[in-house]
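Notes follow once the structure below has been shown.
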Amino acid sequence: MDAAAKAGDEHRQSERQVVTVRWVAKLTAANGQELCLIRNISAGGVMANVYSSHELGEKISLEIRSGQQLDGEIMWMRDGCIGVHFFSDVDIAEMLKTASSDRKGLRVRPPRIEVYGSANIKVGSRTYCVDLCDLSQGGVKVTLPEPIEPGNEVVVSITGLEDRKSLIRWQRNGRAGLSFVRPISFELLVEWLSAQLNADSIVSES
């Protein structure tokens, strides 16, 4: 077998290879952002569980780790699952490596969803009202009315979720990133995000 034929055969094999995974991803479509659960992936696409309505032929983007965007089209839908065909093939080996760790060997940060609303942060005996910017299973980004020293342990109160002990990881330009001591479960966060989406729909229709 010559080199060209061998390369073509390896490419076809990579297209057929389907890897079973359980990756939480951010799905961005025309109707906004949501979390989805990728069940398997190949060089050409994924199968994922979704928790809101979609349409055949809909163009979407998936983000499994920060800065890694996969664009594609929904080719089929069945029982809460969708099949997505990527516009460009992906390197499965590289995906498996980067989905579990970043370049420094640290655990990858869960995908963040843009959210709107307010929350309370309790620092010692003081309570601050803050605006939410984004939320993930592992933490939240908020605005701050005044600086809070990074490293401080605080309690974050978000309506609809249990209060969570958190650490101030960073702050700049009036915003701060907090990491939860105990992450939010995927199921609970999906339920909370769905409730916010339904509430927004009711408000827009009224």
Side-chain angles (χ1 to χ4, degrees), residues 4-103 107-116 132-138 141 184-205:
K6 184 177 180 180
D9 186 55
E10 289 177 347
H11 178 70
R12 286 188 292 273
Q13 288 180 6
S14 68
E15 284 187 323
R16 290 192 296 268
Q17 182 185 14
V18 176
V19 180
T20 299
V21 295
R22 184 182 168 85
W23 292 342
V24 176
K26 178 172 75 174
L27 187 157
T28 303
N31 62 350
Q33 299 179 344
E34 65 174 289
L35 288 179
C36 69
L37 188 61
I38 295 177
R39 292 295 190 177
N40 64 48
I41 184 169
S42 69
V46 299
M47 180 181 78
N49 291 123
V50 293
Y51 305 91
S52 63
S53 299
H54 293 278
E55 298 180 358
L56 286 175
E58 185 176 356
K59 307 297 190 296
I60 68 167
S61 292
L62 295 169
E63 182 181 315
I64 299 169
R65 68 188 299 272
S66 182
Q68 185 181 50
Q69 182 172 302
L70 304 174
D71 298 323
E73 178 180 354
I74 296 177
M75 305 302 292
W76 58 264
M77 300 184 297
R78 182 174 63 249
D79 300 328
C81 286
I82 60 171
V84 179
H85 174 69
F86 296 145
F87 296 141
S88 299
D89 285 355
V90 300
D91 185 328
I92 293 297
E94 184 66 19
M95 287 290 297
L96 292 171
K97 182 170 62 177
T98 59
S100 59
S101 63
D102 66 15
R103 292 179 182 176
R107 189 167 182 80
V108 172
R109 181 173 54 195
R112 296 167 290 175
I113 302 293
E114 293 177 5
V115 293
Y116 303 94
L132 299 172
C133 300
D134 61 47
L135 179 66
S136 75
Q137 290 178 263
K141 181 165 67 179
I184 304 173
S185 71
F186 172 75
E187 292 77 13
L188 181 58
L189 185 53
V190 166
E191 181 180 340
W192 186 86
L193 290 169
S194 297
Q196 307 315 301
L197 183 61
N198 290 336
D200 290 343
S201 299
I202 292 172
V203 170
S204 63
E205 291 172 2

Checklist outcome for this item: Here the gap from Cys133 atom SG to Tyr116 atom OH, rounded to the nearest 0.5 Å, amounts to 9.5 Å
Next on the checklist: Nearest 0.5 Å, please: how far is OG in Ser53 from CE in Met77?
Outcome noted: 8.5 Å
Next on the checklist: Quick check for you: to the nearest 0.5 Å, what is the distance between Leu62 atom CG and Ile41 atom CD1?
Outcome noted: 8.5 Å
Checklist entry - Please walk me through it: do Ser61 and Gln69 pass side-chain contact (heavy atoms from CB on, under 4.5 Å)? => result CA-CA 6 Å; Ser61 292; Gln69 182 172 302; 3.5 Å; yes
Checklist entry - Considering only heavy atoms from C-beta outward, does the side chain of Trp23 approach that of Val46 to under 4.5 Å? => result no
Next on the checklist: Between Ser136 and Ile113, is there a side-chain heavy-atom distance shorter than 4.5 Å?
Outcome noted: no
Checklist outcome for this item: Residue pairs meeting salt bridge (charged side-chain N to carboxylate O under 4.0 Å, His left out), one or both in residues 184-193, sequence neighbours left out, come to Arg22-Glu187
Checklist entry - What are the two closest non-hydrogen atoms of Ala43 and Ile92, and how far apart are they? => result N-CD1, 3.5 Å
Next on the checklist: Looking at every heavy atom in both Ala30 and Glu58, which two are closest together, and how far apart are they?
Outcome noted: N-OE2, 4.0 Å
Next on the checklist: Tell me whether Glu73 contacts the main-chain N or O of His85 through its side chain, where contact means a donor paired with an acceptor under 3.5 Å.
Outcome noted: no
Checklist entry - Can you name the nearest heavy-atom pair linking Leu56 to Met75, along with the distance? => result CD2-O, 3.4 Å
Next on the checklist: Quick one, Asn40 and Val19 - any side-chain contact, counting heavy atoms below 4.5 Å?
Outcome noted: no
Item to check | Side-chain touch Val18/Thr20, heavy atoms, less than 4.5 angstrom | outcome: no
Checklist outcome for this item: Tightest non-hydrogen contact, residues Ser194 and Tyr51, listed as OG-O, 4.2 Å
Item to check | Side chain proximity check, Phe86 to Asp71, heavy atoms < 4.5 angstrom | outcome: no
Item to check | Any Val24 side-chain heavy atom under 4.5 Å of Leu35 side chain | outcome: yes
Next on the checklist: Measuring only between side-chain heavy atoms, which start at C-beta, is Leu70 closer than 4.5 Å to Met95?
Outcome noted: yes
Checklist entry - Does Gln33 reach the main-chain N or O of Ala29 with its side chain, forming a donor-acceptor pair under 3.5 Å? => result no
Checklist outcome for this item: For Ile38 and Ala25, the nearest pair of non-hydrogen atoms, with its separation, is CD1-CB, 3.9 Å
Checklist outcome for this item: residues 23-38 vs salt bridge (charged side-chain N to carboxylate O under 4.0 Å, His left out), sequence neighbours excluded, gives Lys26-Glu63
Checklist entry - When rounded to the nearest 0.5 angstrom, what is the spacing between CD1 in Ile82 and CD1 in Ile74? => result 4.0 Å
Item to check | Min side-chain heavy-atom separation Cys81-Val50 under 4.5 Å | outcome: no
Item to check | Atom of Ala48, atom of Cys36 and distance for their closest heavy-atom approach | outcome: CB-SG, 4.3 Å
Checklist entry - How far apart are the C-alpha atoms of Ile60 and Val84, what are their side-chain angles, what is the distance that settles it, and do they pass the side-chain contact (heavy atoms from CB on, under 4.5 Å) test? => result CA-CA 8 Å; Ile60 68 167; Val84 179; 3.6 Å; yes
Checklist entry - Taking Glu94 for the side chain and Asp91 for the main chain, is one N or O donor matched with an acceptor at less than 3.5 Å? => result no
